[in-house]
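Heads up, the thing below is written out as structure tokens.
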Amino acid sequence: MRKPKIVILGAGYGGLLTTVRLQKLIGVNEADIILVNKNDYHYETTWLHEASAGTLHHDKVRYEINNVIDRSKVNFVQDTVVEIKKDEKKVILEKGEVEYDYLVIALGGEPETFGIKGLKEYAFGITSVNSSRQLREHIEYQFATYNMEEEKDETRLSIVVGGAGFTGIEFLGELTNRIPELCHEYDVDQGKVKITCVEAAPMVLPGFDPELVNYAVSQLQSKGVEFLIGTAIKEATPDGILVAKGDEEPWAIKAGTVVWAAGVRGNSIIEKSGFEAMRGRVKVQPDLRVPGFDDVFIIGDSSLIINEEINRPYPPTAQIAMQQGELTARNIAALIRNTPQLETFKFDNKGTVCSLGEDDAIGVVFGKKITGSKAAFMKKVVDNRALYMIGGAGLVMKKGKLNFF
Ligand code: FAD
Ligand code: NAD
């Protein structure tokens with residue numbers, strides 16, 4: 001009898017966890033497992049703000065996929081997904097195509113630019129190992145050039161971060177730790193450096209605990225960050241950005257570096273492949289399959305699940321992507337064994353920790369608020385846990401954050 005073919009697209013949190021759980025759950029004779037990813041490595045998206053600011057080397061945030069999969073059970077294909085032909089049950093790749101009986105789409109998200117002019121051309125994103133390297137090197141280049149030029153252009157030392165969500169705040173935490181080092185390395189007067197965070201909503205970290213938000217804001221302000229709240233970026237230009245409060249006339253902020261950290265949408269492959277989506281995210285069934293396509297699961301940042309308690313979508317997080325990956329592996333094993341009932345997804349919220357640099361953070365863990373070094377400790381525990389879930393203790397020893405104190 002022909003073995004069913006399970007194809008997993010994307011080796012991020014959701015896809016890689018599905019793969020490593022599936023390789024344990026099913027035998028080689030039960031199904032073929034194929035994992036497709038554009039790079040031969042997995043990267044910790046949740047650590048990219050560190051690589052972007054330069055507080056952690058980019059090689060520390062990635063590891064080889066072949067080191068965590070069982071190659072006797074999983075065929076890893078390094079290729080880029082171009083389109084999913086769901087009616088023909090095949091995936092078009094840049095270098096070929098692959099057919100499937102069961103498909104898991106775990107391609108992550110993309111920056112949401114809301115069609116704002118100039119962002120794609122002039123702003124940096126925190127989205128991949130290479131975008132992080134580019135941002136870090138750009139900031140260093142600005143400092144080095146400022147040092148060397150005869151007529152000093154202080155705009156080079158002005159950095160704007162668009163969005164005070166978790167990504168923006170975590171990046172600011174790292175950046176404010178990195179600035180004194182950069183000033184020392186490039187002989188730049190720290191008083192000349194200007195960091196501005198522009199947030200459209202009336203508060204930083206909208207919806208998060210106000211007491212913890214106040215703590216984060218005052219910590220970052222004490223390290224030189226200026227917050228412009230209730231102010232939206234309207235356009236990015238070669239010289240900086242245009243911002244406005246409500247319907248007021250936009251004004252310009254000059255900056256040598258603009259970072260866009262103002263939200264994510266689903267992977268563009270989703271809409272390109274004709275799935276019904278909201279901002280690139282597909283509202284999946286409780287068993288994580290796509291309505292009308294019983295052989296297709298979508299998990300992670302390209303999926304959308306409603307939190308019934310508040311009747312709003314859950315935010316796209318690694319925590320959810322990993323829990324979805326575990327469930328998807330069990331549901332696919334059930335399908336190939338003809339088990340009639342699939343499990344449904346229930347988010348088990350373990351809490352949220354937002355770092356403010358290596359040694360500081362805020363968080364709510366198991367319902368308790370934490371700040372400072374305690375929260376920073378928890379953040380490292382969370383970071384190591386993701387490694388442990390995919391590659392066990394060996395991966396934690398190799399890539400983990402073990403410098404707790
Ligand atoms: P990803 O982990 O992004 O993986 C997608 C994979 O698909 C990647 O390997 C990518 O290379 C690959 N891929 C993409 N397109 C293609 C293609 N066309 N062909 C082939 N391969 C492709 N969440 C938390 O829960 N806690 C945190 O502390 C946290 N911190 C964060 C910090 C930062 C700086 C950022 C940016 C996000 C953070 N998040 C956090 C959110 C979290 O990282 C995402 O929700 C999570 O990565 C989504 O997982 P995923 O499996 O959907 O996608
Ligand atoms: P987000 O959507 O959570 O925050 C984006 C912020 O940008 C919002 O506050 C929004 O009001 C603001 N914004 C939107 N348009 C703007 C404009 N034109 N000008 C100025 N501000 C604008 O996005 P994110 O911070 O990238 O986070 C993405 C996902 O990743 C979220 O689900 C988040 O929970 C998760 N994440 C979690 C952590 C953590 O748990 N430590 C860290 C990073 C990201």
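Ligands are counted one by one from 1 in listed order, and the atoms in each one are counted from 1 as well.
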Run down the list [options] and name the one with the heavy atom closest to [atom].
| atom | options | result |
| --- | --- | --- |
| atom 25 (O) of ligand 1 | A318, P315, G168, A386 | A318 |
| atom 48 (C) of ligand 1 | V91, T352, T317, D301 | D301 |
| atom 30 (O) of ligand 2 | G207, S355, P316, G162 | P316 |
| atom 7 (O) of ligand 1 | A321, G10, S268, S302 | G10 |
| atom 18 (N) of ligand 2 | V160, I233, T352 | I233 |
| atom 46 (C) of ligand 1 | Y41, F171, Y13 | Y13 |
| atom 28 (C) of ligand 2 | T317, D383, V264, L228 | V264 |
| atom 23 (O) of ligand 2 | G165, G351, G263 | G263 |

task: May I ask whether F208 has any heavy atom positioned less than 4.0 angstrom from an atom of ligand 2?
output: no

query: Is it true that K379 lies under 4.0 Å from ligand 2, counting heavy atoms only?
result: yes

Going by the atom numbers of ligand 2, which of them fall below 4.0 Å from some non-hydrogen atom of [X]?
| X | answer |
| --- | --- |
| P206 | 9 (O) |
| V353 | 39 (C), 40 (O), 41 (N) |
| I116 | 18 (N) |
| P315 | 32 (O) |

- prompt: Is the shortest distance from a heavy atom of H42 to ligand 1 less than 4.0 Å?
  reply: no

Measuring only between side-chain heavy atoms, which start at C-beta, is [X] closer than 4.5 Å to [Y]?
| X | Y | value |
| --- | --- | --- |
| Y215 | D360 | yes |
| R281 | I270 | no |
| L175 | I139 | yes |

message: Applying a heavy-atom cut-off of 4.0 Å, say which part of W47 lies close to ligand 1: side chain, backbone, both or neither.
response: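 Contact part for W47 vs ligand 1: neither.
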
task: Report the part of N39 in contact with ligand 1, treating N, CA, C, O as backbone and CB onward as side chain, heavy atoms under 4.0 Å; options are side chain, backbone, both, neither.
output: side chain

Taking distance alone, with no angle check, do [X] and ligand 1 share an N/O pair under 3.5 Å?
| X | answer |
| --- | --- |
| G300 | no |
| I126 | no |
| H49 | no |
| V81 | yes |
| T167 | no |
| T80 | no |
| K379 | yes |

task: Give yes if a backbone or side-chain nitrogen or oxygen of E170 is under 3.5 Å from a nitrogen or oxygen of ligand 2, and no if not.
output: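 Indeed, backbone or side chain, E170 has an N or O that close.
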
Lys/Arg N to Asp/Glu carboxylate O, [X] vs [Y], below 4.0 Å:
| X | Y | result |
| --- | --- | --- |
| E170 | K379 | yes |
| E185 | R178 | yes |
| K194 | E154 | no |

- prompt: On the ring face of W47, is K399 found with NZ or CZ under 6.0 Å from the centre and within 45° of the axis?
  reply: no

- prompt: Any cation-pi pair here, R62 with Y41, using under 6.0 Å and within 45°?
  reply: yes

- prompt: Any luck finding a side-chain donor-acceptor pair between T257 and Q142 under 3.5 Å?
  reply: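 There is no such pair between these side chains.
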
Over all atoms of both residues, closest heavy-atom pair of [X] and [Y]:
| X | Y | answer |
| --- | --- | --- |
| E358 | N177 | N-ND2, 3.6 Å |
| P111 | W260 | CB-CD1, 4.4 Å |
| L395 | L387 | CD2-O, 3.5 Å |
| V98 | I34 | CG2-CD1, 4.1 Å |
| I84 | S273 | N-OG, 2.9 Å |
| S303 | Q324 | OG-NE2, 3.2 Å |

Closest protein heavy atom to [atom], given as residue, atom name and distance to 0.1 Å:
| atom | value |
| --- | --- |
| atom 22 (C) of ligand 1 | L107 CD2, 3.5 Å |
| atom 39 (N) of ligand 1 | T46 CG2, 3.8 Å |
| atom 38 (C) of ligand 2 | F166 CB, 3.4 Å |
| atom 11 (O) of ligand 2 | E199 OE2, 2.5 Å |
| atom 26 (O) of ligand 2 | T167 OG1, 2.9 Å |

Give the numbers and elements of all ligand 1 atoms closer than 4.0 Å to a heavy atom of [X].
| X | answer |
| --- | --- |
| N267 | 14 (C), 15 (N) |
| E170 | 30 (N), 32 (C) |
| D79 | 20 (C) |
| Y43 | 8 (C), 10 (C), 11 (O) |
| G14 | 51 (O) |

